[in-house]
Number of protein chains: 2
Amino acid sequence: MAISPKKLSQILELAEKLCRERGVRLTAQRKQVLELVCAAEQPLGAYDILERLRSRMDNPTPPTVYRALEFLLEQGLIHKLESLHAFIGCSHPEHPHASQFLICSDCGDVSEIESDKIAEGLRKAEESTGFKAKRPVIELLGTCAECQLEPSE
Amino acid sequence: MAISPKKLSQILELAEKLCRERGVRLTAQRKQVLELVCAAEQPLGAYDILERLRSRMDNPTPPTVYRALEFLLEQGLIHKLESLHAFIGCSHPEHPHASQFLICSDCGDVSEIESDKIAEGLRKAEESTGFKAKRPVIELLGTCAECQLEPSE
DNA sequence: GTTGATAATGCTATATTATAACAAGTTATT
DNA sequence: AATAACTTGTTATAATATAGCATTATCAAC
């Protein structure tokens with residue numbers, strides 16, 4: 001189930017808008033990486049992105065990719081899945097949030113959730129410890145509802 | 001503030017006990033890796049461990065380390081910090097739990113917490129999505145209470 | 001519009017983290 | 001001792017990520 005072209009261009013326009021407002025530059029390169037990440041079914045590794053960039057630009061190298069990813073992460077336009085070493089488009093870049101992911105080990109599907117309960121728990125933990133979180137990494141690795149039905153596939 | 005020798009041997013004894021009960025083998029190699037990880041101030045990377053193993057055995061190689069780590073992770077005797085690519089001793093290996101970590105980017109200190117609120121939030125999220133989590137990764141990167149006091153150090 | 005500062009890119013090399021593959025040795029049980 | 005299952009030894013290499021430095025682009029100030 002690929003993302004629709006319409007939805008994709010909406011994402012890109014929103015990204016343009018946010019960057020304009022913030023006074024940062026969504027350059028062609030960065031935009032292409034964002035587009036690749038957002039258009040992908042699954043989270044992409046940096047070298048997956050590198051591979052796909054070949055058809056769009058001349059001789060991309062790892063730094064090209066990692067620099068773009070760094071920018072996009074800073075701007076909250078994508079997330080990094082630490083446990084997969086992979087990147088995924090952000091579902092709602094317009095408001096900052098503690099990203100929370102459900103990662104199915106069977107089908108590889110990843111869904112971003114926004115649980116208030118979890119957010120609340122995190123806030124409480126910060127409160128009681130005095131810790132100030134800048135980047136929460138919440139990744140639940142396991143089996144999605146669909147894959148639990150199937151014997152194994 | 002290093003861990004006391006007494007505390008360390010308690011940890012090792014508990015590990016022995018748990019492995020015995022489970023019918024798995026805490027071999028000398030695995031025990032040494034566990035000891036190094038638990039004795040360390042900070043989380044250790046696999047190659048840090050490799051380095052430290054040199055004084056204890058002959059010509060250790062990456063697979064030696066990774067195999068031991070894999071075993072120790074399976075047994076819940078250590079945790080992997082995905083965002084740091086590093087390993088840390090488990091605070092309470094006797095009962096399984098969703099490990100939750102506060103990772104200070106300033107001083108590098110890592111503390112394991114057990115927030116019921118967070119655990120509760122995770123449970124709720126599973127309930128409402130039908131997702132079954134096998135390995136939760138909860139890592140809050142930020143600044144610990146102490147480091148917030150200091151101007152910068 | 002030239003100058004100078006800042007940011008972004010190009011490019012090569014290399015660091016860091018992790019696993020594959022297969023041979024050899026150990027352990028526990030028959 | 002024979003067997004099966006597990007553990008280790010060893011070499012090689014895969015996969016992920018960054019350092020460092022030269023070059024180019026952008027934009028504001030003069």
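If you're wondering where the values come from, they're calculated on a predicted model, not measured in any experiment. Chain A is the first sequence line, chain B the second, and so forth, proteins listed ahead of strands; every chain is numbered from 1.
- Distance CG/A:L81 to OG/A:S99: 8.0 Å, rounded to 0.5 Å.
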Exercise. For nucleotides 23-30 of chain C, read 5' to 3', which letter fits each nucleotide if B means a protein heavy atom sits under 4.0 Å from the base, S means only the sugar-phosphate is that close, and - means neither?
Worked result: ----S---

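- Ring pair A:Y47/A:Y66 is perpendicular by interplanar angle, where above 60° counts as perpendicular and below 30° as parallel.
- Counting only N and O atoms by type, the side chains of B:E114 and B:H95 include a donor and acceptor under 3.5 Å apart.
- Checked by atom type, the side-chain pair B:T143/B:Q148 shows no donor-acceptor distance below 3.5 Å.
- For A:T129 (side chain) and A:A125 (main-chain N/O), a donor-acceptor pair under 3.5 Å exists by modelled atom type.
- Straight-line distance from the CD atom of B:Q32 to the P atom of D:dT8: 11 Å, rounded to whole Å.
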Exercise. Going 5' to 3' along nucleotides 14-22 of chain C, which nucleotides have protein heavy atoms under 4.0 Å from the base (write B), which only from the sugar-phosphate (write S), and which from neither (write -)?
Worked result: ---BBBBBB

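- What separates CG of A:L53 from P of C:dC11 is a distance of 14 Å, to the nearest Å.
- Atom CG in B:L50 sits about 15 Å away from atom C1' in D:dT8, given to the nearest Å.
- Under the 3.5 Å distance criterion, the side-chain polar atoms of A:R25 are left unmatched by any main-chain donor or acceptor of A:R20.
- The distance from atom CG of A:L81 to atom P of D:dA17 is 11 Å, rounded to the nearest whole Å.
- Nucleic acid contact for A:T61: base, since at least one base atom lies under 4.0 Å from a heavy atom of the residue.
- Atom CG of B:L69 is separated from atom P of D:dT8 by 12 Å (rounded to the nearest Å).
- A continuous path of hydrophobic side-chain contacts links B:L36 to B:L77 [ILVMFWY only; heavy atoms under 4.5 Å].
- If you take CG of A:D58 and C1' of D:dT23, they are 16 Å apart, rounded to a whole angstrom.
- Rounded to an integer number of Å, the gap from B:K31 NZ to D:dT7 C1' is 17 Å.
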Exercise. Do A:E82 and B:V137 pass the side-chain contact (heavy atoms from CB on, under 4.5 Å) test, and can you show the C-alpha distance, the side-chain angles, and the key distance before you say yes or no?
Worked result: CA-CA 9 Å; A:E82 294 288 350; B:V137 173; 5.8 Å; no

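- Rounded to whole angstrom, the span from the CZ atom of A:R30 across to the P atom of D:dA25 amounts to 15 Å.
- At a cut-off of 3.5 Å, with distance as the only test, no side-chain donor of B:K134 or A:S105 sits close to an acceptor on the other residue.
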